[in-house]
Amino acid sequence: MGSNAETGIESPDGAANPIDTDYEIGQDNITKQIGPFGLDIHNPVFLISGLSIVAFVFLTLAFQESVGPMFNDLRGWLTSTFDWFFLSVANVFVLLCLFLIVSPLGKVRLGGQDAVPDYSYSGWFAMLFAAGMGIGLMFYGVSEPISHFTTSMGGATVGDGGARTDWAPLGGAMGDADAAFDLGMAATIFHWGLHPWAIYATVALALALFSFNKGLPLTMRSVFYPIFGERVWGWTGHVIDILAVFATLFGLATSLGFGAEQANAGLEFLFGIPVSDGSKVVLIIAITGVALISVLAGLDAGVKRLSEINMVLAALLLLFVVLVGPTMDIIKGFFTSLVAYVEYLPALSNPVGREDTNFSQGWTSFYWAWWISWSPFVGMFIARVSRGRTVREFITCVLIIPSLVCVLWMTAFGGTAVHMVNEGVQAIADAALPIKLFTMLEQLPLQAITSFIGIVLVIVFFVTSSDSGSLVIDTITAGGKVDAPVPQRIFWCTFEGLVAIALLLGGGLGSLQAMAVSTGFPFAIVLLLACYSIIQGLRSEPR
Amino acid sequence: MYRKIMVPVDLTHIDKLEKALSTAADLAKHYDAKICFFGVGTNTPSPVAHNPAEYDRKMAAFAQEQGKKTGIDCSGMTRISHDPAIDLSEIIVHAATEAKADVIVMASHVPGIADHIFASHGGYVATHWDHSVFLVR
């Protein structure tokens, strides 16, 4: 330990190269006592974020008929017109991450050369997964492989205008079940493997590097210091942070709203609880209530513990499906899917000259925009729990291992489901999205227990998202402080639940989700700049 | 009666601690006790320090300065928390036991409505620590 000779700033644990800036963390914050509650909020990020979110919700509810189509059109236009851009940007992130694993820059340790990891591998990994995509795997683990398998079997069809009208990935695999399985699994893994995790890893690495090693506040704007310099503390930075809050809150609130619809459908399937607005509102209140308890328990006793519980439950469910389902097919499928993924990866990630536009725009481009819009939230949470890891260790654990787990999960659940559909269990293919998983589990023994574990997993994954999302928004709106007064994070957690209820009852969940996804476009540009910042930042670090 | 006094301090708001610091100094002089200033930092940059190492150094410097000012044997002690807004009180209790302190002198606010919802740090420490706790208002 010791101070840095050039900047006079104390080095973190061991050698590091902090940025010398006159900006003091919290200097723009408003610190006040309002009644019995303390307040420590960034001016103007907190106020503008909060007020504009309220305004957007109000406008969406008041002018649903015009606002809804507008946001949906915007999202559709962005993901179809700029599909080449989204696909290219995601490829850049993957290449950057792979480069960092093998380059000498991978030796840099987050927090300084002598920093010790804050969390054990199990706790760290559980949190990465819960924040990253736990909930998505529950819903799409069965449905997406079936969908791609089915469309691939149908092959390519060309409409009157010469454009493809089918939704099959690449050229499809007309009537060839084995080839359709491979293509379907490759396409699914493509959407849940290296690319999304590379997006998260890039954002998380940038935040961790500029916070732990460079000594800047833990907010999105800090990443852009090498580009904008001191201007990052002014309106340039305000806009970046507000956009991050916006994308995170709307992403979480709309997911919570849709999640309540899906959880309600699952509960109806399992216990006969009717699908109604009342049930959904009760679910949102319950999920938000548990998230509040978790928020009040703190990071270690709350979100970390819940993530670990979920990790164990998810592992048990996975093991059960592997052992009770077609075990040999799953094991074989894991390797064949992996090989198919590698084989089809260049074609699936090709950004130009695609004929399968429905697939590349409607699936891939949409997914990339969605992952990118979530990246400030997931990236920031991952950054916060990753101090003490080397860049190489960090990328390997955030990129490679989760991707392999996704392959295993998709093969076990999706592969088993496709196997069942092929054997004539049409119910899985016909089931609505939220209950596809449960319909699949129904075909296996101990359905009551496994389905119950499934619904618990779904709900707890939502709780961990709500909890970690509130922590992230609270940190950004407190100017990077992680010790802002507790009522502030309670406010954000509750606010998110209220926005979800308002949109659920008043309509507009879909349109605001479309808007949240649309923020993926400006963020994609911003994140490209972050790649430059990362390289610059890492090159100046001692290795 | 007392040999070691622990004084939890928030280096961001030293101006608000004057009364607690004076009380601790008077007690220390009266009983010929040592003072251990204690702070909970974050692993992310904060208004006080860019990193844990800097926070530790600042706490040591603060203790040294207080020692010079009062002539009392003072030391600094820090712990890093992942979530200090929540974990602070519990960490103070553990640290006081670890430091073998026999009294904690800490600044606390006048109780209000919020204290019925969230226990104050002083209230928590007094409830969960075996030894004496002196809350200064």
Side-chain angles (χ1 to χ4, degrees), chain A residues 1-3 9-14 16 18-19 24-27 29 31 33 35-38 111-112 114-115 118-119 208 210-218 222 295-304 383-385 387-388 471 474-475 479-490, chain B residues 8-16 39-62 76 78-94 107-124 137:
Chain A
M1 278 181 239
S3 63
I9 296 171
E10 188 86 4
S11 292
D13 298 335
I19 287 175
E24 279 184 27
I25 295 165
Q27 74 172 37
N29 282 24
T31 316
Q33 191 74 26
F37 301 113
D114 300 332
D118 281 346
Y119 291 97
F210 284 91
S211 182
F212 297 136
N213 296 56
K214 303 297 180 189
L216 301 184
L218 184 66
S222 297
V295 158
L296 287 172
L299 184 58
D300 291 349
V303 70
K304 176 173 165 263
R384 187 164 165 183
V385 296
R387 188 175 178 275
L471 289 176
D474 181 39
T475 305
K481 283 185 170 183
V482 295
D483 58 351
V486 177
Q488 280 174 220
R489 62 174 85 164
I490 292 176
Chain B
V9 291
D10 178 355
L11 291 179
T12 334
H13 300 113
I14 293 175
D15 52 317
K16 291 181 183 164
V40 178
T42 58
N43 56 11
T44 54
S46 70
V48 177
H50 294 85
N51 51 63
E54 189 181 355
Y55 185 71
D56 201 47
R57 185 179 58 80
K58 284 193 170 175
M59 185 59 75
F62 174 77
T78 61
R79 287 289 175 272
I80 295 302
S81 164
H82 299 135
D83 197 353
I86 300 287
D87 300 335
L88 182 71
S89 314
E90 208 180 319
I91 296 173
I92 292 175
V93 171
H94 281 142
S108 185
H109 59 267
V110 177
I113 287 178
D115 293 285
H116 294 288
I117 309 165
F118 312 109
S120 70
H121 296 308
Y124 180 95
R137 289 189 173 133

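The model shown is predicted, which means the values in this text are computed figures rather than measured ones. Chain identifiers are assigned alphabetically (A, B, ...) following the order of the sequence lines, protein sequences preceding nucleic acid strands; residue numbering begins at 1 within each chain. Values below: all heavy atoms of this structure, side chains included; hydrogens, waters and symmetry mates excluded.
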Engineer: Say you draw a straight line from CG of A:D483 to CG of B:D10; how long is it, rounded to the nearest 0.5 Å?
Structural biologist: 8.0 Å
Engineer: Keeping A:R384 on the side-chain end and B:H82 on the backbone end, is there a donor-acceptor pair under 3.5 Å?
Structural biologist: yes
Engineer: Is it the side chain or the backbone of A:D118 that comes within 4.5 Å of chain B heavy atoms, both, or neither?
Structural biologist: both
Engineer: I want to check something: taking the side chain as every heavy atom from C-beta on, are B:P47 and A:I25 in contact at a cut-off of under 4.5 Å?
Structural biologist: yes
Engineer: Is any side-chain heavy atom of B:E54 closer than 4.5 Å to one of A:P18?
Structural biologist: no
Engineer: Between A:A297 and chain B, which part of the residue has a heavy atom less than 4.5 Å away: side chain, backbone, both or neither?
Structural biologist: backbone
Engineer: Give a yes or no on whether A:Q27 atom CD has more than 12 heavy-atom contacts from other residues, nucleotides or ligands under 6.0 Å away.
Structural biologist: yes
Engineer: Non-hydrogen atoms of chain B under 4.5 Å away: do they reach the side chain of A:A484, the backbone, both or neither?
Structural biologist: backbone
Engineer: Which one of A:V295, A:N213, A:L216, A:L218 has the most heavy-atom pairs closer than 4.5 Å to chain B?
Structural biologist: A:L216
Engineer: Which bit of B:T44 comes within less than 4.5 Å of chain A, counting heavy atoms only: side chain, backbone, both or neither?
Structural biologist: both
Engineer: Just give me the residue among A:G112, A:S211, A:G26 that pairs up with chain B most often, heavy atom to heavy atom, under 4.5 Å.
Structural biologist: A:S211
Engineer: To the nearest 0.5 Å, how far apart are CG in A:L471 and CD1 in B:I86?
Structural biologist: 8.5 Å
Engineer: A:V486 and B:A85: which non-hydrogen atoms are nearest, and at how many Å?
Structural biologist: CG2-O, 3.6 Å
Engineer: Once you round to the nearest 0.5 Å, how far does OG of B:S81 lie from CG of A:D300?
Structural biologist: 7.0 Å
Engineer: Charged N to carboxylate O under 4.0 angstrom, A:K304 versus B:D83?
Structural biologist: no
Engineer: Contact part of A:V385 toward chain B, heavy-atom cut-off under 4.5 Å: side chain, backbone, both or neither?
Structural biologist: neither
